[in-house]
Amino acid sequence: MLYRLTLTEILQMVKERKTNAKEVFFSLKKRIEEVEKYVNAYITVFDEEPEEKGLLNGIPIAIKDNICMKDKRTTCASRILENFIPPYDATVVERLKKSGASFIGKTNMDEFAMGSSCETSHFGPTKNPWNTNYIPGGSSGGSAAAVASGEAICALGSDTGGSIRQPAALCGVVGMKPTYGRVSRYGLVAFASSLDQIGPITRTVEDTALLLNIICGKDERDSTSADIPVPDFRKALNRDIRDVKIGVYEKGLEDCSKAVKENFKKAEDVFAGLGAELIPVDLPHLEYAVADYYIIAPAEASSNLARYDGVRYGFQQWRDDLMEMYRETRSSGFGNEVKRRILLGTYVLSSGYYDAYYLKAQKVRTLIKEDFDKAFDRVKAIILPTSPAEAFRLGERINDPLKMYLSDIFTIPANLAGLPAISVPMGLSEDCLPVGLQIVGRAFCEDEIISIAHAFERETCFYKKIPVFKEQI
Ligand code: GLN
């Protein structure tokens, strides 16, 4: 059962010579063999046996398939990159390698990270390990489902509007989006460059702190990465949160599901019991966040995705006429959701509409950031649900993009404002589907939200709960 342990627990055992990277690798491989057919968490599974070295002692990590790994297929779950093999490592992969990590595979995702359910993948949907009739969340649904199902110990994901936190919440694991600029985006296939961040998906807050220590920091190859010292995030663990002022965004709860409302109330009680001071905060422009995001993100995506023209990367539909070749390659290489975003983004950036949509959206983005700034004058962090409801059934929202987009109503604001945010499991619904608590912090104060999340985790111990596969019984 090595596959069920946390990274920290495994590293302790390795230190005591009770196990090693190879045993962990084979335990994961066996688990993948048993349950991958129900979950579909991976696009590619690796076979190379790990070498024991460095801080991580060769322990294998799963990587979302929009993060480049040298000589390993990186598809973004798209037909257009189906056979793309990067000639270089993303900075995060390079840093993990330097710390002695090995890799177990590349995880499934929504195509180009556009989606909230992992259903837009060219490689078929990932299923929620807690109930395989349900979606795992997205777009890093493969990473979250792999960690929840025991097919990975920990993983990396990417978060543009909630893609680490929302699937972490729906799969009952921990997911963190660091401050914009904290982690290098070099080698992350760009979706919306002003919003994208890489971050960890793990079983515990402690494991998140450990991975953050490795992946954070300035990188010359990403001009938006911040030259700000990176603290040892493990020092933020086991802190007393008595008298810490935590803001509560109560308005958010109004339209949430019963499970989210009830578990959120319980979470508030946990914090009160720990002696934290809960203070209601108002974030008046948050209601515009989804609309705002769906102008800014598609605008940036339409520009970023222009490079897939059938000439420079993998997939090509050959035609004698160049324009026809572009058209055929792009229309058969991209899926519907990606095409919808390219159309929307091209429209809002087109001359005559730029000011009315794009420029206005940037102004609203500033107002949202100012709401947070004002709230942070009074509190250290803000709690709100990660997602308004538990996982929904596969297929339920795939033809209703607006409903799908609303899954991210509570996660998008942190991306627009560039703030760090973590999702920790806060309980289960009556149908045994997990829900998550989100803690948003001040820029570059990841340590503060780690302290709060860890205090909560110590009280609730959710990571000891394990999903049971009905199919296996
Ligand atoms: N679900 C959101 C979208 O579809 C966010 C995705 C993400 O964070 N990558 O754009």
Side-chain angles (χ1 to χ4, degrees), residues 64-67 76-78 107-121 125-126 135-144 155-171 175-178 180 183 185 188-201 289-302 304-305 334-345 348 361 365 386-389 391-392 396-423 436 438 440:
K64 186 177 180 180
D65 210 19
N66 60 350
I67 299 175
C76 276
S78 181
T107 56
N108 202 6
M109 53 185 278
D110 283 291
E111 186 181 4
F112 279 101
M114 297 173 188
S116 311
S117 67
C118 229
E119 292 170 295
T120 69
S121 168
T126 297
I135 57 106
S139 64
S140 315
S143 289
L156 290 188
S158 70
D159 191 312
T160 305
S163 277
I164 289 176
R165 291 160 286 156
Q166 185 255 17
L170 304 192
C171 290
M176 178 159 188
K177 179 198 95 72
Y180 184 79
V183 179
R185 290 181 294 109
L188 168 69
V189 178
F191 162 11
S193 313
S194 76
L195 301 158
D196 299 340
Q197 266 297 276
I198 295 172
I201 296 184
V290 174
D292 199 43
Y293 172 88
Y294 277 98
I295 291 176
I296 293 172
E300 294 184 17
S302 71
N304 276 327
L305 270 59
F334 289 132
N336 285 344
E337 183 60 28
V338 175
K339 284 186 210 162
R340 183 167 18 244
R341 308 263 179 131
I342 293 174
L343 288 173
L344 202 62
V348 299
R365 184 175 186 173
T386 308
S387 177
F392 46 89
E396 197 180 300
R397 295 194 189 169
I398 195 71
N399 295 317
D400 190 345
L402 281 185
K403 232 177 167 182
M404 184 76 88
Y405 295 172
L406 286 172
S407 314
D408 301 316
I409 188 160
F410 298 132
T411 46
I412 282 173
N415 299 78
L416 289 171
L419 301 172
I422 188 167
S423 177
Q438 187 183 194
V440 182

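Numbering of ligands and ligand atoms starts at 1, following listing order. Here the structure is a predicted model, which means the values were calculated and not measured.
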Review point. So, is Lys64 polar-close to ligand 1, with some N/O to N/O distance under 3.5 Å?
Key: no
Check your understanding: Do any N/O atoms on Ser158 end up under 3.5 angstrom from N/O atoms on ligand 1?
Key -> no
Exercise for review: Could you tell me whether a side-chain N or O of Ser163 sits under 3.5 Å from a main-chain N or O of Ser139, the two making a donor and an acceptor?
Suggested key: yes
Revision key, fill the gap. Counting heavy atoms under 4.0 Å, the part of Tyr294 that contacts ligand 1 is side chain
Practice item. Please work out which of Asp110, Thr120, Asp408 has its closest non-hydrogen atom nearest to atom 2 (C) of ligand 1. Key: Asp408
Check your understanding: Which atoms of ligand 1 are found less than 4.0 Å from any heavy atom of Phe191?
Key -> 9 (N), 10 (O)
Review point. How far is atom 6 (C) of ligand 1 from its nearest protein heavy atom, and which residue and atom is that?
Key: Ser163 OG, 2.9 Å
**Study point:** Sub-4.0 Å atoms of ligand 1 with respect to non-hydrogen atoms of Tyr293
**Key:** 2 (C), 3 (C), 5 (C), 6 (C), 10 (O)
Check your understanding: Is there a donor-acceptor contact under 3.5 Å from the side chain of Gln438 to the main chain of Arg165?
Key -> no
Check your understanding: Do Lys64 and Ser158 have a side chain donor and acceptor closer than 3.5 Å?
Key -> yes
Point to revise | ligand 1 contact on Ser139 by region, counting heavy-atom pairs under 4.0 Å | key: side chain
Point to revise | Residue of the set Asp196, Asp159, Thr160, Asp408 for which side-chain hydrogen bond (donor to acceptor under 3.5 Å, both in side chains) holds with Asn415 | key: Asp159
**Study point:** Arg365 side chain near Tyr293 side chain, heavy-atom distance below 4.5 Å
**Key:** no
Review point. Counting heavy atoms only, which part of Tyr405 comes closer than 4.0 Å to ligand 1: side chain, backbone, both or neither?
Key: neither
Revision key, fill the gap. Counting from 1 in the order shown, the ligand 1 atoms closer than 4.0 Å to a non-hydrogen atom of Gly161 are 5 (C), 7 (C), 8 (O)
Check your understanding: Between Asp159 and ligand 1, does any nitrogen or oxygen pair lie at a separation below 3.5 Å?
Key -> no
Review point. What part of Arg341, side chain from CB on, backbone N/CA/C/O, both or neither, has a heavy atom under 4.0 Å from ligand 1?
Key: side chain
Review point. Just by distance, with hydrogens left out, do Ser116 and Gln166 show a side-chain donor and acceptor under 3.5 Å apart?
Key: no
Review point. Is it the case that Glu111 and Thr120 place a side-chain donor and acceptor less than 3.5 Å from each other?
Key: no
Review point. Among side-chain atoms of Tyr405 and Arg397, is any donor-acceptor pair under 3.5 angstrom?
Key: no
Review point. Which of the atoms in ligand 1, numbered in the order shown and given with their element, are less than 4.0 Å from a heavy-atom of Ala113?
Key: 6 (C), 7 (C), 9 (N)
Revision key, fill the gap. Taking only non-hydrogen atoms of Met114 and a 4.0 Å limit, the atoms of ligand 1 in range are 4 (O)
**Study point:** Contact summary for Cys118 and Gly142, nearest pair of heavy atoms
**Key:** SG-N, 3.7 Å
